[in-house]
Participant: 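Got a structure here, written out as structure tokens. Questions coming.
All ligand and atom numbering here is 1-based and tracks the order in the structure. Since the model is a prediction, treat every value here as computed from it, not as a measurement. The figures that follow rest on heavy atoms only: side chains count, while hydrogens, waters and symmetry mates do not.
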Amino acid sequence: MSLSQSIQYAKELDDQDPLSHFREEFYLQPNNIYMDGNSLGLLSKKAESSLLQSLNDWKVNGIDGWTKGNEPWFYMAEKIGSMTSSLIGARSEETITTGSITTNLHQMLSTFYKPEGRKTKILADSLTFPSDVYAIKSQLSLHGLSPELHLIQVKSDDGRTIKEADIIAAMDDEVALILLPSVLYRSGQLLDMKALTKAAHDKNIIIGFDLAHSIGVVPHELHDWGIDFAVWCTYKYLNSGPGGVGGLFVHDKHLGKRPGLAGWFSSKKEVQFDMSHDLDHATSASAYQIGTPHIFSMAPLIGSLELFQQAGIDAIRRKSLSLTRYLMDLTKETLQPFGFSIANPTKDPQRGGHICLEHSEAARICKALKANGVVPDFRSPNVIRLAPIALYSSYEDVWNVIQILQDIMSNQKYKDYSNERNVIA
Ligand SMILES: Cc1ncc(COP(=O)(O)O)c(C=O)c1O
Ligand SMILES: Nc1c(O)cccc1C(=O)C[C@H](N)C(=O)O
């Protein structure tokens, strides 16, 4: 066994880790190693207390909680938007907490997709998350355009990754809008958002990104890169809880643009309660809200984002890369004989926050991992995603996951389970 394969080495890495103390801020369960924060992040004590604070504001203030109390609900979406903006290189007014990825995508497509003349097509990729494709196809149908002809999905050579050069080559003068993931949800490939945005703008094409798998783990410079719009969820790396409210970014060059889907929360705050039938929409990203914010699905973010502000996104990215590098190194050294292949890009600039192992017995290996105290997630037919999280995972966790996987494989424990997926993971 090499030094790097020993538990002492893992412990040394933990001792040197400047973020290790954040682990105490989270509710980790005994005898459980959580590697699924890329699907649903864990509860922190701060998120719990900011949610309880909002509940208390309701208990004490009733309707007046909208404007009184610890965190007045009427301004909460803007406040959290502003707290999120430093994670994505945006200005406060460009960012709002609202909706879900899919509803925000509908809002962005309704606002930015204006097919005209030859420019009618939407460009996406063939490995993107299904909900994004459903949103695009339904928006095309609403415009009376056939998705078969108007949605172009760039193909993958290997079924795992997409080449930026292929995306750029598909940017022709029929493309009106491009929607891409920042990080591909299965393989964890991180796309070069800056280069893609520049290429799109050179061709006069609007470009937006789905940041589901990068927000809270990868730094972004959305404003400086000139990205037109972005959407994200907060229940993954931002630890807002199941169904936590998402967010969107609109570059300030577009602020003032009429929301495609309007509602009374699109209004300028100072006139909203005048109840006029003519919308006077906000001139910030607030305009792209629709109805009443889901306060209790948003309140945990106030506490959670404080942790991100304390740790800093650059330090989070450094540790995340280091954890996933360590996980890949141990996989190569220890698990190769058992038929695993590493399907995520291995270079740092091309890798998001999770690693992707492929194995023909992946579904039952995931079940065996869960039975042995490790929470991975499975994506059909053969993908095991593992996400060690900078704020609450340790190097020792990673080391233990590898030991448990080795035991499951060498003792064929996975054979106790069927090789079919469970309902979700
Ligand atoms: C890349 C990506 N896009 C969209 C979604 C769907 O988001 P929502 O259910 O918040 O609309 C998810 C995850 O569920 C995702 O991973
Ligand atoms: N959004 C989810 C949900 O509502 C239930 C269960 C899981 C999820 C997920 O986030 C799945 C995730 N986006 C994925 O990358 O597969």
Participant: Any atoms of ligand 2 less than 4.0 Å from a non-hydrogen atom of Lys236? List them with their elements.
Facilitator: 9 (C), 10 (O), 11 (C), 12 (C), 13 (N), 14 (C), 15 (O)
Participant: Can you pull out the closest protein heavy atom to atom 6 (C) of ligand 1? Residue, atom name and distance to 0.1 Å, please.
Facilitator: Phe129 CE2, 3.7 Å
Participant: For ligand 1, which atoms have a heavy atom of Ala212 less than 4.0 angstrom away?
Facilitator: 1 (C), 2 (C), 15 (C), 16 (O)
Participant: If we only consider heavy atoms of Ala212, is any one of them less than 4.0 Å away from an atom in ligand 2?
Facilitator: no
Participant: For ligand 2, indicate whether the residue Arg385 contacts it via side chain, backbone, both or neither (heavy-atom separation under 4.0 Å).
Facilitator: side chain
Participant: Which of the atoms of ligand 2 are close to Ile424, meaning less than 4.0 Å from one of its heavy atoms?
Facilitator: 6 (C)
Participant: Report the nearest protein non-hydrogen atom to atom 16 (O) of ligand 1: residue, atom name, distance rounded to 0.1 Å.
Facilitator: His213 NE2, 2.8 Å
Participant: Closer than 4.0 Å to some heavy atom of Tyr185 - which atoms of ligand 2 meet that?
Facilitator: 15 (O), 16 (O)
Participant: For side chain to side chain contact (heavy atoms under 4.5 Å, CB included), just list the numbers for Trp73 and Trp58, CA-CA rounded to whole Å, side-chain angles, deciding distance to a tenth of an Å, and then say yes or no.
Facilitator: CA-CA 10 Å; Trp73 308 323; Trp58 178 30; 3.8 Å; yes
Participant: Taking only heavy atoms of Ser100 into account, list the atoms of ligand 1 that are under 4.0 Å away from them.
Facilitator: 10 (O), 11 (O)
Participant: Quick check, are the ring centers of Tyr113 and His143 under 6.0 angstrom apart?
Facilitator: yes
Participant: For Phe229 and Phe249, I'd like to know if the aromatic rings sit close, meaning centre-to-centre distance below 6.0 Å.
Facilitator: no
Participant: Tell me if a side-chain donor or acceptor on Ser304 pairs with a main-chain N or O of Pro300 at a distance below 3.5 Å.
Facilitator: no
Participant: Specify the protein heavy atom at minimum distance from atom 11 (O) of ligand 1: its residue, its atom name, and the distance to 0.1 Å.
Facilitator: Thr102 OG1, 2.5 Å
Participant: Between Trp264 and Phe273, is the gap from one ring center to the other below 6.0 Å?
Facilitator: yes
Participant: Heavy-atom count check: over 12 atoms from other residues, nucleotides or ligands less than 6.0 Å from Lys119 NZ?
Facilitator: yes
Participant: Which of the atoms in ligand 2, numbered in the order shown and given with their element, are less than 4.0 Å from a heavy-atom of Tyr235?
Facilitator: 1 (N), 10 (O)
Participant: Measure from atom 13 (N) of ligand 2 to the protein's non-hydrogen atoms and state whether any distance is below 4.0 Å.
Facilitator: yes
Participant: Check ligand 2 against Ser39 and write out every atom of the ligand that is under 4.0 Å from a heavy-atom position of the residue.
Facilitator: 9 (C), 10 (O), 11 (C), 12 (C)
Participant: Starting from the C-alpha separation in whole Å, work towards a yes-or-no answer on side chain to side chain contact (heavy atoms under 4.5 Å, CB included) for Asp228 and His201.
Facilitator: CA-CA 10 Å; Asp228 296 290; His201 289 167; 2.7 Å; yes
Participant: Do Val383 and Leu357 make a side-chain contact, defined as non-hydrogen atoms from C-beta onward lying under 4.5 Å apart?
Facilitator: no
Participant: What is the ring orientation for Phe129 with Tyr185, classed by angle as parallel under 30°, tilted 30 to 60°, or perpendicular over 60°?
Facilitator: perpendicular
Participant: Below the 3.5 angstrom mark, is there an N/O of Ser131, backbone or side chain, next to an N/O of ligand 1?
Facilitator: no
Participant: Check Thr102 against Ser131 and note the closest heavy-atom contact, atom names and distance.
Facilitator: OG1-OG, 2.8 Å
Participant: Could you tell me if the side chain of Ile101 sits less than 4.5 Å from the side chain of Asp210, heavy atoms only?
Facilitator: yes
Participant: Identify the protein heavy atom lying closest to atom 8 (P) of ligand 1, giving its residue, its atom name and the separation to 0.1 Å.
Facilitator: Tyr235 OH, 3.3 Å
Participant: Looking only at distance, does Asn38 have an N or O less than 3.5 Å from an N or O of ligand 2?
Facilitator: no
Participant: Nearest non-hydrogen atom to atom 1 (C) of ligand 1 belongs to which of Val183, Thr128, Val245, Asp210?
Facilitator: Asp210
Participant: For Thr103, is at least one N or O under 3.5 Å away from an N or O on ligand 1?
Facilitator: no
Participant: Is it true that Arg186 lies under 4.0 Å from ligand 2, counting heavy atoms only?
Facilitator: no
